[in-house]
Amino acid sequence: MTTIVALSMKKRIGELLTEALDRAHASGDLRSVPSPVWMETPKREGFGDYASAVAMTLAAAEQRPPRQVAELLVRHLQGADLIERVDIAGPGYLNVTVRRDAWWGVVSEVLEAGEAYGRAPASGRSVQVEFVSANPTGPLHVGHGRLAAVGLALANLLAVAGDRVEREYYVNDAGRQMRLLGESVWARYCTLVGRETPVPEDGYQGAYVEEIARSIVERDGSRYVSEPRETALAELTTLAYERLLDEIRSDLALYGVRFDAWTSERELFRSGSVERAIESLRAQGYIFEADGALWFRSSALGDEKDRVVRKQDGEWTYLASDLAYHSKKLEAGFDVLIDLWGADHHGYVGRIRGLIRAMGHPDERLRVEISQLVTVVRKGKPVPMSKRTGTFITLRDVIEEVGRDAALLTFQMRRLDSPMEFDLELAKEQSSENPVYYIQYAHARTAGILRMAAEQGVNWQPPQESDLARLVLGEELGLLKALAAYPDVVQEAAHAYEPHRVAYFLQELAGLFHAYYYKHRIITDDRPLSAARLALVAAVGVVLRNALAIFGVSAPERM
RNA sequence: GCGCCUGUAGCUCAGUCGGAUAGAGCAACAGCCUUCUAAGCUGUGGGUCGCUGGUUCGAUUCCAGCCAGGCGCGCCA
């Protein structure tokens, strides 16, 4: 039985204020019809626990000064539950102070809900998140690491916020890049068995290409050179891409990123999905022929220009299969499709949006989140990242150098659309100062205290209300308020599709806890007080754990 | 040239549909281990929010124009 957590404190206060507005309107004190109010969390202490600017918003329609509107709202809030005091401040803010005893209940709420604390009821919405989707032509690099970390977190965040979420990786295992990979491996292979062959000019030069060729030589010898070139090439291509895809899968597994579905581009061609998608667009007049090629009339759908889907030489472009891919996703009935792309693909958004429109879906159905590029720096010098030249830092390198948890969380400490610099030397040097340790250490401390309590036989669960009433310190109230805010943080972050907000919350909660721990003893001779504090500590541990889980970061019991 | 993103403390970055005295971490400096873990805590200093205008009672936030950086503008992906 899942406990459906009651409304958060913020929402409860918002409802009380909405009711007050309704009463004010019904009694004729207020002329305008009030819309649902938005509570905010004041930046400064002394401004109450929650604030609303509703009086200022209404002032114009009421043709009265904001403070006068605020005063009448305060009158209608008289006697409301939970509320200790409402102050009018500044230009007309309503600053609501919640009764101290109202906070204690959050401890029991957190402990009873456990893993479910912060989880919203099912929204009924289904969302598909497609991310990473790197071509299997080489190992994952740092940029993929950012996309993987954010995709993982975004998917988890939406799931916690109530959406049904599918995580998908689209495998580009067809087309020109695949052929180049095959030719590159072929060249290395031939050279290794004594037939010097140059790697094609646009081919892949990385050392991993030669390694693949070498492993094929070790297993199969030189038998491919006696086959017809086309047959051998096809076989080597498949061997190479399967091997690289395996590596990608294992890198992602090492990183803790799992996908629910892997869609193959080849399969889209083989199954006829590409032809069907193009035919369907043609039937609507969005496909035409010109200059010996086949075009998608995306300019009629908001794109900058029309795009080729089949080249003069008869080969389909990447766009053709991508149209088929997105058609299938739409037909699968997802309410929202999220594509997480690197900034170097953002010019692609217009044509995919064109498809969405052609298929008669609203723009909101497709969300393309663009990750600005990651610049990798080593000792202050930029490291070029190119699969073709073969000089790049792989995701695996990063995980091995700075650790999985640190890598995952580092990518969450900035907004996705903010460019970031990743200095490997710095990341190593600062590893002990990394936010991830700070947060994990807070969790380990909660675990350590609970262990000690168990050893000393201090009984604290289930928490008694009379004991919780002993939580009166400023630090304790601060922690209670943070715990109460967690469901709001999750919901607001999900609404904005911005998991990094949860990361900042984590840092704040960990900070509050460290300060509390240092200033006050949890386990003392005062058993009821100890019980109350232990319950609070346990609740902090639960929320730290739940929030870390969104990022796929571990919550160690000891460090 | 056009499009998208970015510009906030020395550095890396937050900043809640426009709101109150713009915040955090790192770095610097000064303190704190007889304690349930010092991977921690306490304090100090540090800002023309890129620039200029506009809208508004009110702009770091919205709009326009500049400046600087990144990315894109292919019958590549």
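Letters A, B, ... mirror the listed sequences (proteins, then strands); counts begin at 1.
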Roughly, in whole Å, what's the span from [atom1] in [X] to [atom2] in [N]?
X: A/E304; N: B/G74; atom1: CD; atom2: P; answer: 9 Å
X: A/Q177; N: B/A77; atom1: CD; atom2: P; answer: 7 Å
X: A/I439; N: B/A39; atom1: CD1; atom2: P; answer: 17 Å
X: A/Q412; N: B/A14; atom1: CD; atom2: P; answer: 12 Å
X: A/E40; N: B/G18; atom1: CD; atom2: C1'; answer: 10 Å
X: A/E508; N: B/U16; atom1: CD; atom2: P; answer: 14 Å
X: A/D313; N: B/G74; atom1: CG; atom2: C1'; answer: 14 Å
X: A/F288; N: B/C75; atom1: CZ; atom2: P; answer: 12 Å

Using atom types as modelled and distance alone, determine if a side-chain donor or acceptor of [X] lies under 3.5 Å from a backbone N or O of [Y].
X: A/R266; Y: A/D173; result: yes
X: A/S530; Y: A/I523; result: no
X: A/T137; Y: A/Q177; result: no

Nearest-Å distance once atom [atom1] is located in both [N] and [M]:
N: B/C32; M: B/A24; atom1: C1'; answer: 22 Å
N: B/G15; M: B/G25; atom1: C1'; answer: 15 Å
N: B/C13; M: B/C76; atom1: P; answer: 36 Å
N: B/C26; M: B/U34; atom1: P; answer: 24 Å

From the set [options], return the single nucleotide nearest to any side-chain atom of [X].
X: A/R414; options: B/G70, B/A14, B/C76; result: B/A14
X: A/P419; options: B/A39, B/U6, B/C71; result: B/U6
X: A/K305; options: B/C73, B/G15, B/C76; result: B/C73
X: A/A89; options: B/A20, B/G15, B/C36; result: B/A20
X: A/Y438; options: B/C13, B/G70, B/C41; result: B/C41
X: A/H514; options: B/G40, B/C75, B/A20; result: B/G40
X: A/H500; options: B/C75, B/A14, B/C36; result: B/A14
X: A/Y518; options: B/U35, B/U16, B/C75; result: B/U35

Pick base, sugar-phosphate or nothing for [X], based on heavy-atom distances below 4.0 Å to the nucleic acid.
X: A/A59; result: nothing
X: A/H520; result: base
X: A/R445; result: sugar-phosphate
X: A/D291; result: base
X: A/L373; result: sugar-phosphate
X: A/A444; result: base
X: A/M413; result: sugar-phosphate
X: A/Q372; result: base
X: A/H346; result: base

Side-chain donor/acceptor contact of [X] with base of [N] under 3.5 Å:
X: A/N95; N: B/A20; result: yes
X: A/Y504; N: B/C13; result: no
X: A/H345; N: B/G72; result: no

Below 4.0 Å: OP1/OP2 of B/U35 and any side-chain N or O of A/K519: no
A/R415 side chain near B/A14 phosphate (N/O to OP1/OP2, under 4.0 Å): yes
Secondary structure string for RNA chain B (Watson-Crick or G-U under 3.5 angstrom, | for other-strand pairs): (((((((..((((.....[...)))).(((((.......))))).....(((((..]....))))))))))))....
Less than 3.5 Å apart, any donor N or O on the side chain of [X] or [Y] sitting next to an acceptor on the other?
X: A/E265; Y: A/S321; answer: yes
X: A/E476; Y: A/Y516; answer: yes
X: A/S418; Y: A/Q372; answer: no
X: A/D405; Y: A/S554; answer: yes

A/E492/A/K10 ion pair, N-O < 4.0 Å: yes
Under-4.0 Å salt bridge between A/R176 and A/D202: yes
Worked verdict on A/R367 versus A/D339 for salt bridge (charged side-chain N to carboxylate O under 4.0 Å, His left out): CA-CA 6 Å; A/R367 264 192 91 91; A/D339 286 354; over 6 Å; no
Which residue lies more 5' along RNA chain B, comparing A/E265 with A/D417 via nearest heavy atoms: A/D417
Along RNA chain B (nearest heavy atom to each residue), the more 5'-positioned of A/A174 and A/Y517: A/Y517
Ignoring hydrogens and angles, write down the donor-acceptor pairs under 3.5 Å from the side chains of residues 47-55 of chain A, residues two or more places apart or on other chains.
unit_1, atom_1, unit_2, atom_2, d
A/D49, OD1, A/K481, NZ, 2.6
A/D49, OD2, A/V98, N, 2.8
A/S52, OG, A/V54, N, 3.1

Is_stacked (A/F47, B/A20) at 5.5 Å, 30 deg: yes
B/C63, syn or anti by chi within 90 degrees of zero: anti
